[in-house]
Amino acid sequence: MKVVILAGGLGTRISEESYLKPKPMVEIGGMPVIWHIMKIYSHYGFNDFIICAGYKQYIIKEFFANYFFHRSNITFDFTNGKQDMVIHNNLLEPWKVTVVDTGLNTMTGGRIKRIKNYINSEPFFLTYGDGVSDVNINELLKYHKSKGKLLTLMGIKPESRFGIMDLSEDGNIINFREKSRQDSDWINGGFMICSPEVIDYIKGDDTAFEKEPMEKMAAAGEAACYRYDGFWQCMDTMRDKNKLEELWECGKAPWKVWE
């Protein structure tokens, strides 16, 4: 199965870095967050990626074009009047990566529709280029197959950084406490599996996949939710990036399921 990654947005809420690069190329532990996402899927044996690029898409292309140099130790020897190159290790991934320019202002649904010819009418994974999780991809796929729906998405309950108040019916404050996941509603965690027919629900470039297509599939009984209470974190703001960076640096990154 192919893995489709939506990586074309402007990333305005993390503009401190995204004005220089696409948000999926913002680094965690010295590597772009999109690399972390790809390593998750690769750990479970899924190595064929289609990246829906847009904003500053050439940076994504250049990263993979020069991936060998990013990941290898190399000696450049000019002492004989020519350039000799010695590779000391080989850290290439077993990946096939297709980067498609899906347009600067195209909405998420439109980006998916634009890569229709690359998925060969087969089911595919779909995710955003800014979120990581320790979800077991094989279990997610197993659940999708068991439900037999067009769309399966991972549902998560996000943690809130705000405390809440417990109130009595007459307005008295009973207690102050930190908000727990049990207080949250289920939201789309961004790790999805799609049957190829989902593309038929997308009209064109102006279609947000999360709106009309998802709503119509849900109304038709063709959408399922894989409820997951493990680790999930998006990288939407600098605060999110710093949190992920801290977890990585201290060796406690739950999404690092690979060795």
Side-chain angles (χ1 to χ4, degrees), residues 1 3-7 9 11 13-14 16-18 22-47 49 51 93 95 108 124-147 151-164 177-194 209-210 214 223-259:
M1 284 178 64
V3 181
V4 177
I5 303 177
L6 297 169
R13 283 181 285 188
I14 193 169
E16 298 94 331
E17 293 213 23
S18 63
K23 184 164 68 165
M25 295 303 294
V26 175
E27 294 182 355
I28 302 297
M31 294 298 289
V33 67
I34 195 172
W35 176 87
H36 292 260
I37 295 167
M38 294 167 74
K39 289 286 283 186
I40 295 169
Y41 281 97
S42 185
H43 173 73
Y44 293 100
F46 302 101
N47 296 302
F49 299 93
I51 299 176
E93 312 288 348
W95 295 348
T108 49
F124 58 94
F125 293 101
L126 175 67
T127 191
Y128 302 104
D130 62 355
V132 291
S133 175
D134 62 356
V135 62
N136 186 310
I137 300 299
N138 286 335
E139 290 298 320
L140 177 63
L141 178 58
K142 181 180 178 180
Y143 181 82
H144 172 72
K145 291 179 177 179
S146 73
K147 298 297 289 186
L151 171 69
T152 297
L153 58 84
M154 183 184 79
I156 58 98
K157 287 190 172 185
E159 294 180 353
S160 173
R161 60 192 178 97
F162 299 107
I164 63 173
R177 61 182 174 87
E178 294 298 317
K179 188 172 184 179
S180 67
R181 287 186 176 183
Q182 285 67 39
D183 296 304
S184 301
D185 294 322
W186 292 99
I187 67 167
N188 179 7
F191 284 78
M192 296 170 273
I193 302 176
C194 304
F209 186 61
E210 302 79 7
M214 280 192 180
C225 176
Y226 179 75
R227 298 180 184 183
Y228 187 65
D229 60 2
F231 177 84
W232 172 87
Q233 179 64 54
C234 67
M235 193 191 64
D236 206 29
T237 65
M238 283 301 297
R239 182 179 182 274
D240 297 329
K241 169 186 158 51
N242 293 337
K243 178 180 179 179
L244 292 170
E245 189 76 55
E246 181 180 347
L247 288 170
W248 184 267
E249 290 300 323
C250 68
K252 297 180 180 179
W255 70 91
K256 188 180 182 298
V257 293
W258 63 93
E259 294 297 329

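When R239, E246, M238 are each tested for a side-chain contact (heavy atoms from CB on, under 4.5 Å) with N242, only one passes: M238.
If you take CD1 on I28 and CD on E249, they are separated by 9.5 Å, rounding to the nearest 0.5 Å. F209 CZ to M192 CE: the interatomic distance, rounded to the nearest 0.5 Å, is 6.5 Å. If you take CG on D236 and OH on Y128, they are separated by 11.5 Å, rounding to the nearest 0.5 Å. Taking CE of M214 as the start and CG of L151 as the end, the distance is 5.5 Å to the nearest 0.5 Å.
Shortest non-hydrogen contact noted between I5 and G129 is CG2-CA, 3.7 Å. Between W255 and I40, the shortest heavy-atom distance links the atoms O-CG1, 3.7 Å. When every heavy atom of M31 is checked against every heavy atom of H36, the shortest pair comes out as O-NE2, 3.5 Å. The shortest heavy-atom contact between I51 and A7 is CG2-CB, 3.7 Å.
Side chain of S146 to backbone of Y143: a donor-acceptor contact under 3.5 angstrom is found. Side chain of T127 to backbone of G190: a donor-acceptor contact under 3.5 angstrom is found. Side-chain atoms of E245 come within 3.5 Å of backbone atoms of G29 as a donor-acceptor pair (strictly under, hydrogens ignored). K256 places a side-chain N or O within 3.5 Å of a backbone atom of W258 that can act as its donor or acceptor partner. Between the side chain of K241 and the backbone N or O of E27, at least one donor-acceptor pair lies under 3.5 Å. Checking side-chain atoms of S133 against main-chain N and O of F231 turns up a donor-acceptor pair under 3.5 Å.
Using a 4.5 Å heavy-atom threshold, the side chains of D229 and K157 count as separate. Residues I193 and K145 form no side-chain contact, since every pair of their non-hydrogen atoms from C-beta on lies 4.5 Å or further apart. Counting only heavy atoms from C-beta outward, the side chains of Y226 and L141 never approach each other to under 4.5 Å.
Relative ring orientation between Y41 and F191 is described as parallel, the plane-to-plane angle staying below 30° on a 0-90° scale split at 30° and 60°.
Counted by atom type alone, Y228 and N136 present zero donor-acceptor pairs between their side chains at under 3.5 Å.
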